[in-house]
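No hydrogens, no waters, no symmetry mates; every other heavy atom, side chains included, goes into these values.
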Amino acid sequence: MKNPNILFIQVDQMLATSLAAYGNSFAHTPHLDQIADRGVVFETAYCNFPLCAPSRFSMAAGQLCSAIGAFDNAAEMPASIPTYAHYLRSFGYQTALSGKMHFIGPDQHHGFETRLTADLYPADFSWVPNWADEGDRDTNDPRSVLISGLCARSVQIDFDEEVTFKAVRHIYDMARSADDRPFFLQVSYTHPHEPYLCRQEYWDLYEHADIPLPSVPPMRENQHDAHSVRLLKDFGMLDFGFEEADVRRARRAYYGSISYLDELIGNILAALKSTGMDRNTAIIFTSDHGEMLGERGMWFKKHFFEPSLRIPLLMYAPWIKPQRVSEFASLVDLLPTFNGLAQGSVWEAEVEPLEGDDLTALLDRGNPEPSRAIHAEYLAEATLAPIFMIRRGRYKFVSSSKDPALLFDVETDPDELTNLAGEQSLAGVVKSFQAEVESKWDEEEITVRILQSQQRRRLILNAQKNGLPPRWNHGEEPGDQVVWYRGDGGYNEWAFDHLKPVGEDG
């Protein structure tokens with residue numbers, strides 16, 4: 001079908017295994033389950049950078065972050081980089097964004113004709129890392145697990161409620177508009193990103209659910225790889241020793257947040273159906289990255305382990321038959337895929353080479369074994385040098401000049417407990433992967449660019465503290481006070497300022 005409407009729903013920090021389509025037996029997600037049952041399930045999909053803003057920028061551009069300078073959560077994506085919103089507008093689409101995209105810098109549209117909401121986080125350089133001296137940073141800490149459970153209201157709930165309201169209203173506005181262009185609407189939520197908090201009705205859904213503890217218990221420092229140790233130290237979680245009750249409460253609230261999301265998504269789908277636009281709309285659902293959720297004693301993301309890197313990826317359209325695709329996919333494939341859906345045929349890049357491919361080419365072909373390679377990067381805080389990942393076939397390879405190499409057989413060792421990089425019988429595999437890393441990435445050149453970018457952005461950030469700082473966030477002026485986080489004060493103090501249910505102690 002040519003020129004269908006496209007609804008792109010994205011959530012934040014969601015495990016692929018949160019959904020029944022990926023083997024979950026207890027999560028309450030009827031709307032997402034219906035999309036999966038009636039649509040296409042990409043069985044093994046990854047983000048290309050396990051951190052919010054860089055993941056979204058590489059996704060939007062169809063390129064790896066090292067290619068576009070999107071190194072971390074405070075890196076500006078150049079306005080000269082085309083995004084899927086630009087491509088779709090060139091095809092005659094009206095494009096709108098409701099929710100989080102984490103754009104940094106003055107360009108807060110990047111091809112979107114309409115922004116329906118502001119963003120949740122700072123658009124300036126507040127979160128720029130400093131590899132030369134990390135020092136005391138405003139980062140995640142144990143409170144994410146310790147302050148978890150029930151919540152009557154939070155800023156994240158406020159945000160996602162507004163995202164849904166604005167998106168639903170926009171759907172109805174388009175239905176009664178004289179503008180007959182097809183639409184691309186991105187609806188982007190912040191849940192189930194920590195804090196692990198949810199309202200009572202979603203907490204109660206899991207009263208009798210058998211939510212398992214992490215399959216891999218906490219490890220000692222000498223059992224972790226080098227990057228895991230740095231992350232845990234950065235989070236203040238190395239050898240912290242959470243009580244089992246804390247872990248269970250955080251995981252239950254995490255799944256409660258997913259059920260909350262599912263209900264909001266149901267509101268979006270209901271608006272589509274009531275306008276009749278569901279009949280010619282393709283729906284894509286995914287997350288920006290995963291969540292460790294206590295595995296190995298680790299939480300959040302920023303690593304290449306499966307819980308952090310792997311994401312759900314679903315596609316539904318009335319003209320596409322339900323199927324499962326085992327070929328590997330990643331977020332950089334979305335730009336070509338949106339373009340393929342728009343044109344009604346497999347799309348190939350003409351302006352410049354892209355990292356991703358049109359996933360519609362994988363449909364209806366008998367589902368052969370995976371043959372693609374997936375590439376990912378980590379270039380942000382809590383590292384000493386760029387870290388690169390390649391998933392090819394059964395193996396996942398992680399390489400950095402500062403850390404020992406990691407090689408996992410994901411098929412036989414899904415928890416990635418045995419590093420095979422030192423096995424003599426696999427020396428050829430390691431050598432081949434390392435050659436691919438060196439061919440694809442120039443680590444020295446990337447490192448120079450990262451360090452220079454960090455220095456430039458810190459200078460700008462410090463300079464802008466003199467006088468009235470600019471406010472790049474969408475729809476805001478310098479000095480405006482908003483409920484969203486804008487880099488003033490500590491992030492955790494802001495994030496954990498939630499309203500507790502009446503009668504809750506503590």
- prompt: Any idea which heavy atoms bring A167 and L185 closest together, and the distance?
  reply: O-CD2, 4.3 Å

field: All side-chain hydrogen bond (donor to acceptor under 3.5 Å, both in side chains) counterparts of T190, not counting sequence neighbours
entry: Q156

- line: Nearest heavy-atom contact between S400 and P386 is OG-O, 3.3 Å

Over 12 non-hydrogen atoms of neighbours within 6.0 angstrom of CD in E207: yes

field: Minimum heavy-atom distance A118-E476, with the two atoms named
entry: CB-OE2, 3.9 Å

task: Show your working on side-chain contact (heavy atoms from CB on, under 4.5 Å) between I446 and F388 and close with a plain yes or no.
output: CA-CA 12 Å; I446 293 171; F388 308 114; 4.2 Å; yes

task: Say whether H191 and D160, considering side chains only, have a donor N or O and an acceptor N or O under 3.5 Å apart.
output: yes

task: Any chance you could lay out the side-chain contact (heavy atoms from CB on, under 4.5 Å) test for H474 and D119, step after step, and finish with the verdict?
output: CA-CA 7 Å; H474 173 67; D119 219 313; over 6 Å; no

task: Given side chain to side chain donor-acceptor pair (under 3.5 Å), test D141 with N492 step by step and report yes or no.
output: CA-CA 8 Å; D141 64 40; N492 283 324; 2.9 Å; yes

message: I'd like to know if R457 and E76 make a salt bridge, using a cut-off of under 4.0 Å between side-chain N and carboxylate O.
response: no

field: Sidechain N-carboxylate O distance under 4.0 Å for R56, D12
entry: yes

query: Which residue pairs pass the ring-ring contact (aromatic ring centres under 6.0 Å, His included) test with at least one member in residues 140-164, sequence neighbours excluded?
result: F159-W484

query: Got Y260 and E201 here, is their nearest side-chain heavy-atom distance under 4.5 Å?
result: no

query: Do P192 and L261 come within less than 4.5 Å of each other through their side chains, counting heavy atoms only?
result: yes

message: Quick test of your reading of the model: are R143 and E194 salt-bridged, counting only N-O distances below 4.0 Å?
response: no

statement: CG (L417) and CZ (R296) are apart, to the nearest 0.5 Å, by 5.5 Å

statement: Residue pairs meeting ring-ring contact (aromatic ring centres under 6.0 Å, His included), one or both in residues 45-76, sequence neighbours left out, come to F49-Y378

message: Between V40 and L359, is there a side-chain heavy-atom distance shorter than 4.5 Å?
response: no

- prompt: Does the side chain of Q13 reach to within under 4.5 Å of the side chain of H289, using non-hydrogen atoms?
  reply: yes

statement: Sorted by chain and residue number, the ring-ring contact (aromatic ring centres under 6.0 Å, His included) partners of H193 (sequence neighbours excluded) come out as none

query: For P312 and L19, which heavy atoms make the closest approach, and how far apart are they?
result: CB-CD1, 4.0 Å

query: Going through the distances and angles, do V155 and D497 end up as a side-chain contact (heavy atoms from CB on, under 4.5 Å)?
result: CA-CA 8 Å; V155 181; D497 185 15; 6.0 Å; no

- prompt: How many angstroms lie between atom OG of S144 and atom CE of M237, to the nearest 0.5 angstrom?
  reply: 5.5 Å

Modelled atom types, side-chain donor and acceptor of T117 and E162, under 3.5 Å: no

Output field: ring centroids Y316/F285 closer than 6.0 Å: no

- request: Assign the ring pair W441 / H375 to parallel, tilted or perpendicular, where the plane angle (0 to 90°) is split at 30° and 60°.
  value: perpendicular

Residue pair M298 / L232, side-chain heavy-atom distance below 4.5 Å: yes

message: Is there a side-chain contact between L293 and P214 in this structure, where contact means two heavy atoms from C-beta onward sitting under 4.5 Å apart?
response: no

- request: Run through F305, Y254, F235 and flag the one making a ring pair (Phe, Tyr, Trp, His ring centres under 6.0 Å) with F300.
  value: F235

- prompt: Does the pair D288 and H102 meet the rule for a side chain to side chain donor-acceptor pair (under 3.5 Å), with working shown?
  reply: CA-CA 11 Å; D288 59 351; H102 211 149; over 6 Å; no

query: Does N48 use its side chain to pair, donor to acceptor, with the backbone of L64 at less than 3.5 Å?
result: no

field: Between CD on residue E263 and CD1 on residue I268, distance to nearest 0.5 Å
entry: 12.0 Å

task: Evaluate ring pair (Phe, Tyr, Trp, His ring centres under 6.0 Å) for F240 paired with W299, printing each intermediate quantity in order.
output: CA-CA 12 Å; F240 188 86; W299 297 80; over 10 Å; no

All side chain to side chain contact (heavy atoms under 4.5 Å, CB included) counterparts of L451, not counting sequence neighbours: W131, T447, Q454

- prompt: Does a salt bridge link K302 with E381, judged by any charged N lying under 4.0 Å from a carboxylate O?
  reply: yes

message: Contact between D72 and I450 at the side-chain level, heavy atoms closer than 4.5 Å - yes or no?
response: no

task: With F8 as reference, evaluate I283, V187, L334 under the side chain to side chain contact (heavy atoms under 4.5 Å, CB included) test and give the passing residue.
output: L334

query: Charged N to carboxylate O under 4.0 angstrom, E221 versus K233?
result: yes

task: Taking all heavy atoms of V128 and all of A74, pick out the closest pair and write down the distance.
output: N-CB, 3.3 Å

query: Is the distance between the ring centroids of Y395 and F397 less than 6.0 Å?
result: no

- prompt: Where does the angle between the aromatic ring planes of W494 and Y491 fall among parallel (under 30°), tilted (30 to 60°) and perpendicular (over 60°)?
  reply: tilted

statement: To the nearest 0.5 Å, atom CD1 of I35 lies from atom CD1 of I9 at 5.0 Å

message: Going by side-chain hydrogen bond (donor to acceptor under 3.5 Å, both in side chains), name the residues that satisfy it together with S66, two or more places apart in sequence or in a different chain.
response: E377

query: Got a second to check how far Q10's CD is from I284's CD1, nearest 0.5 Å?
result: 11.5 Å

message: Distance alone, cut at 3.5 Å: any donor-acceptor contact between the side chains of T164 and Y189?
response: yes

query: Can you tell me how far the CD1 atom of I311 sits from the OG atom of S18, to the nearest 0.5 Å?
result: 12.5 Å

task: Can you establish whether the number of heavy atoms outside E411 located under 6.0 Å from its atom CD is more than 12?
output: yes

query: Hey, is E43 close enough to R310 for a salt bridge, meaning N to O under 4.0 Å?
result: no

- prompt: Given the rule in the side chain to side chain donor-acceptor pair (under 3.5 Å) test, do E493 and Y485 qualify, once you have shown the distances and angles that lead to the verdict?
  reply: CA-CA 10 Å; E493 283 64 35; Y485 185 65; over 6 Å; no

message: Show, in sequence, the C-alpha distance, side-chain angles and deciding distance for D403 and R230, and conclude whether the salt bridge (Lys or Arg N to Asp or Glu O under 4.0 Å) test is met.
response: CA-CA 11 Å; D403 300 331; R230 287 193 299 269; 2.8 Å; yes

Shortest non-hydrogen contact between A21 and R324, atoms and distance: O-NH2, 2.8 Å

Residue pair D480, N473: steps toward the side-chain contact (heavy atoms from CB on, under 4.5 Å) verdict: CA-CA 10 Å; D480 282 356; N473 299 80; over 6 Å; no

